[in-house]
There are 2 protein chains.
Amino acid sequence: MSKRVTIKDIAQQAGVSVGTVDRVIHERGRVSAEVKAKVLQVMQALDFEPNLIASTLAFNRAIQIGVLMPQLHSDPYWDLPLLGMRRAQQSVKHYGVGLVEQMFDLFSPQDFKRSALALINQKPDALVFPPIFLKESLELLDHCAEVEVPTILVNTDVEHPQVMSYIGQDSYQSGVLAGKLLSMAMNGAGKVLLLNLDKETLNAKHLMDKELGLRHFLEQKDKNSFTVLRQDVEDFDNPERLDGLLKLLLQQYVDIKTVFVTNSRAYKLVEAIQEHAQPHLNILGFDLLPNNLHFLQMGKIDFLINQNASYQGYLAIKNLTDYFIFKKQLPRVQHLPLDIVVAENAAYYLQREQGN
Amino acid sequence: MSKRVTIKDIAQQAGVSVGTVDRVIHERGRVSAEVKAKVLQVMQALDFEPNLIASTLAFNRAIQIGVLMPQLHSDPYWDLPLLGMRRAQQSVKHYGVGLVEQMFDLFSPQDFKRSALALINQKPDALVFPPIFLKESLELLDHCAEVEVPTILVNTDVEHPQVMSYIGQDSYQSGVLAGKLLSMAMNGAGKVLLLNLDKETLNAKHLMDKELGLRHFLEQKDKNSFTVLRQDVEDFDNPERLDGLLKLLLQQYVDIKTVFVTNSRAYKLVEAIQEHAQPHLNILGFDLLPNNLHFLQMGKIDFLINQNASYQGYLAIKNLTDYFIFKKQLPRVQHLPLDIVVAENAAYYLQREQGN
DNA sequence: TTTTCTTGTGTGTGCGCACACACGATTTAA
DNA sequence: TTAAATCGTGTGTGCGCACACACAAGAAAA
């Protein structure tokens, strides 16, 4: 068991003091060129790897991660990433990593802006948020660039130099995957009803991408047999309207066989559907919300694509810890798996969501 | 920013020295009942949580984890858990966690026994292995109990008091899931060919469990329309024989629509199949081996159920680190998700396999 | 009673590193 | 030419904890 190499060892080998070695390692300057070269050479030769445990202990500085998320309990989906972050914080708190949480109203760009400002003013060492409002998010990123706060995005990616890393789904591909599953369920032919249960759908890039993925897949699969009918419903909290709309569509287009709910609100559709005699609809939705899972087990939802919302949050905090404590470089994009969840394998995902 | 509570703080509050507090924390005795109670009470009151970083640093002891695995590169599946373990070791090595690897011949119980002995003699602090040979594994576990080496099983679970934790698949449920997917592919009726491409199939509990799961699902789904035809092939490395056998079966049973390969060797089937005019067979197999993925992308394999073999190994090491360094209790059973992998979502799983 | 053992407690050192500070040797400014 | 700033380097302290050791006081054994 070859003992670990310490800075003391390399100091001795290089014929200098540990302080000098330290200066070389941290590039604090104040070291002559020759000595620096010598130290680096010895470090190479001895294959020195700093003891991160000791390093963290001695560093002894708290890292504050600013977290800007939708108000807790305002929407079941948006609770997941935040809870994931809190779990992650629990597991890295002994590295001195803390969260500064700031919530905003999910449907108010103004509130988003205001909250962002409040958060930045607390001078966090990094920032995590989902760019729900594109324009305001870009402004925020500009602001972050000014005050030099590295940023991780979750849920939706946005191109901006200040974005250090994106953690989340590949929306387009999740649309493709939905196409695959729905085409299987349709047995060769049929119409897919694409349901956007959201506000400002046109402004939500990820929903657009999902639609694109679905359409591309079905076109490439069988242009003539499969078609997509799209319907945006902003008033998704009104079951009667939703049910009425669906009844109307089913009368008009008899060959609707499947429904693709593009976000986590599939359960709202199921709740709204009255038992009017209709052909069995195969429904595909997203995310392991309790309500969705309930209907999945009952057979009223056929597929859920798990976007790992909770794990997104978890990873965001873990990654920032890696970045600050362990000095790891982060990948610009981290696409999480698109898990296909059916009644038969739901339990394990649920368990994992709660576990880490 | 409430500063962390240290043992010094609680020593002060309790009116004792840090040494005494230390003794209470580690239950090393030599503390009077009253003092102990007082210290515990103060710890409660101040909500003391030990600084694990400082603790590990001061502890300063190397943990050696014994790893007993099939010879590398003898079977593509069995490479995965080992590689996962090595990756995990990389990421926890600064806690002083090291691996002692001992390989054995995948098809030789004797060699397993011999290797196990050699490993135990090196007195590792813990042991990880897959109980491939049931009888020999139980003996090994008895031996571990004697020398008090805690053990984690991967891949297959075995009931034994010395097993601290099992990490792996739920074999039965993976059979159920296979049933679900195959029944979808069969559109209401058809025969499933269950193919065990392995030796000593009857002795392999996980294969039996998969079959059970499949049969139960199909029975409950539609007893009359679905049937299962089972075939064990020990000579799976002989493509001609495999192809001949398949041709024969397809002639005999014209309603075979899908094939369930119960382990990671689906690619061997695909490689063996000649292009004799036959109905398209939907094939379901296990695990993200390069060959399997290749055929998945080509459309020759329809589904792969990912048993997270690599992650099993990763978790085993991570969990032992948690156990030894962070003093966490481990769950007796950790079932990993049964990922449904199709061509459209394979990339993300592959990426994750390589990532952590 | 003296000796030995046990019990309860405090003190001190070290884990490997980060960083502040000290200080002589140069270099630059006055 | 002397004072002041700068550079290159070494020393020392502390991060929070684990653990060995010291030591007094009382209990048990001789």
Side-chain angles (χ1 to χ4, degrees), chain A residues 1-40 42-43 46-63 92-97 324-327, chain B residues 1-40 42-43 46-63 92-97 324-327:
Chain A
M1 204 78 314
S2 59
K3 266 184 62 183
R4 278 197 74 110
V5 178
T6 74
I7 56 168
K8 216 166 163 181
D9 297 326
I10 70 171
Q12 203 163 18
Q13 276 284 321
V16 295
S17 74
V18 292
T20 304
V21 175
D22 179 71
R23 262 168 244 125
V24 172
I25 291 174
H26 295 288
E27 296 183 328
R28 291 212 200 82
R30 313 241 141 177
V31 181
S32 69
E34 315 103 273
V35 172
K36 181 171 177 179
K38 173 72 180 169
V39 168
L40 284 173
V42 173
M43 276 172 49
L46 298 193
D47 190 25
F48 172 73
E49 293 183 46
N51 183 329
L52 292 173
I53 297 299
S55 177
T56 338
L57 184 63
F59 190 52
N60 194 33
R61 185 166 93 83
I63 304 284
V92 299
K93 64 179 173 205
H94 44 266
Y95 295 116
V97 174
F324 282 113
I325 307 291
F326 300 110
K327 279 86 186 165
Chain B
M1 203 77 322
S2 59
K3 263 183 63 182
R4 277 197 75 109
V5 179
T6 74
I7 56 168
K8 216 166 162 180
D9 296 327
I10 70 172
Q12 203 161 21
Q13 277 285 320
V16 295
S17 73
V18 290
T20 304
V21 175
D22 179 70
R23 260 166 247 126
V24 173
I25 291 175
H26 296 288
E27 296 183 328
R28 291 213 201 81
R30 314 242 138 174
V31 181
S32 70
E34 315 101 276
V35 173
K36 181 172 178 178
K38 174 70 180 170
V39 168
L40 285 173
V42 173
M43 276 173 48
L46 297 194
D47 191 24
F48 170 73
E49 294 184 46
N51 183 330
L52 292 173
I53 297 298
S55 179
T56 359
L57 185 64
F59 190 51
N60 193 34
R61 185 166 94 83
I63 304 285
V92 299
K93 64 179 173 205
H94 45 265
Y95 294 116
V97 174
F324 282 114
I325 308 293
F326 300 110
K327 279 85 184 164

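Lettering of chains follows the sequences in order, A, B, ..., and the numbering in each one begins at 1.
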Using atom CD1 of A:I10 as one end and atom P of C:dG16 as the other, report the distance to the nearest whole Å.
-> 14 Å

How many Å lie between CD1 on B:I7 and C1' on D:dC19, as a whole number?
-> 11 Å

Side-chain donor/acceptor of A:R4 to backbone N/O of A:E49, under 3.5 Å | yes

CA sep, side-chain torsions, deciding dist, call: A:Y95, A:F326, ring-ring contact (aromatic ring centres under 6.0 Å, His included) = CA-CA 10 Å; A:Y95 295 116; A:F326 300 110; 5.3 Å; yes

Taking for each residue the nucleotide of DNA chain C bearing the nearest heavy atom, is the 5' side occupied by B:A54 or by B:V35?
-> B:V35

Can you tell me the distance, in whole Å, between the CD1 atom of B:I325 and the P atom of D:dA18?
-> 12 Å

The reported gap from CZ in A:R30 to NZ in A:K36 (rounded to nearest 0.5 angstrom) is 14.0 Å

Picking from D:dG16, C:dG16, D:dC19, the nucleotide nearest the side-chain atoms of B:N51 would be D:dG16

To the nearest Å, give me how far apart CD1 (B:I63) and P (D:dA18) are.
-> 14 Å

N/O (side chain, A:S32) to phosphate O (OP1/OP2, D:dC7) under 4.0 Å = no

Indicate whether OP1 or OP2 belonging to C:dA18 is found under 4.0 Å from a side-chain N or O atom of A:H26.
-> yes

Main-chain N/O of A:L52 paired to A:T56 side chain as donor or acceptor, under 3.5 Å | yes

Would you please confirm or rule out a distance under 4.0 Å between OP1 or OP2 of D:dT9 and any side-chain N or O of A:R23?
-> no

Expressed in angstrom and rounded to an integer, what is the separation of B:L57 atom CG from D:dG14 atom P?
-> 17 Å

Among D:dT9, D:dA18, D:dC17, which nucleotide sits nearest the side chain of B:F59?
-> D:dA18

Looking only at side-chain atoms of B:N60, point me to the closest of D:dT9, D:dG16, C:dC15.
-> C:dC15

Kindly indicate whether the side chain of B:R30 and the base of C:dG10 share any N or O donor-acceptor pair separated by less than 3.5 Å?
-> no

Is any side-chain nitrogen or oxygen of B:S17 closer than 4.0 Å to OP1 or OP2 of C:dG10?
-> yes

Starting from C1' on D:dC19, measure out to CZ on B:R61 and report it in whole angstrom.
-> 13 Å

5′-ward residue of the pair A:K8/B:V16 relative to DNA chain C = B:V16

Has B:T20 got a side-chain N or O lying under 4.0 Å from the OP1 or OP2 atom of C:dT9?
-> no

In whole angstroms, the gap separating C1' of D:dA18 from CD of B:E27 amounts to 15 Å

Close side-chain approach of A:F48 to A:I7, heavy-atom, < 4.5 Å = yes

Which nucleotide, C:dC15, C:dG16, D:dG10, lies nearest any side-chain atom of B:A58?
-> C:dC15

In whole angstrom, what separates A:F326's CZ from C:dA18's P?
-> 13 Å

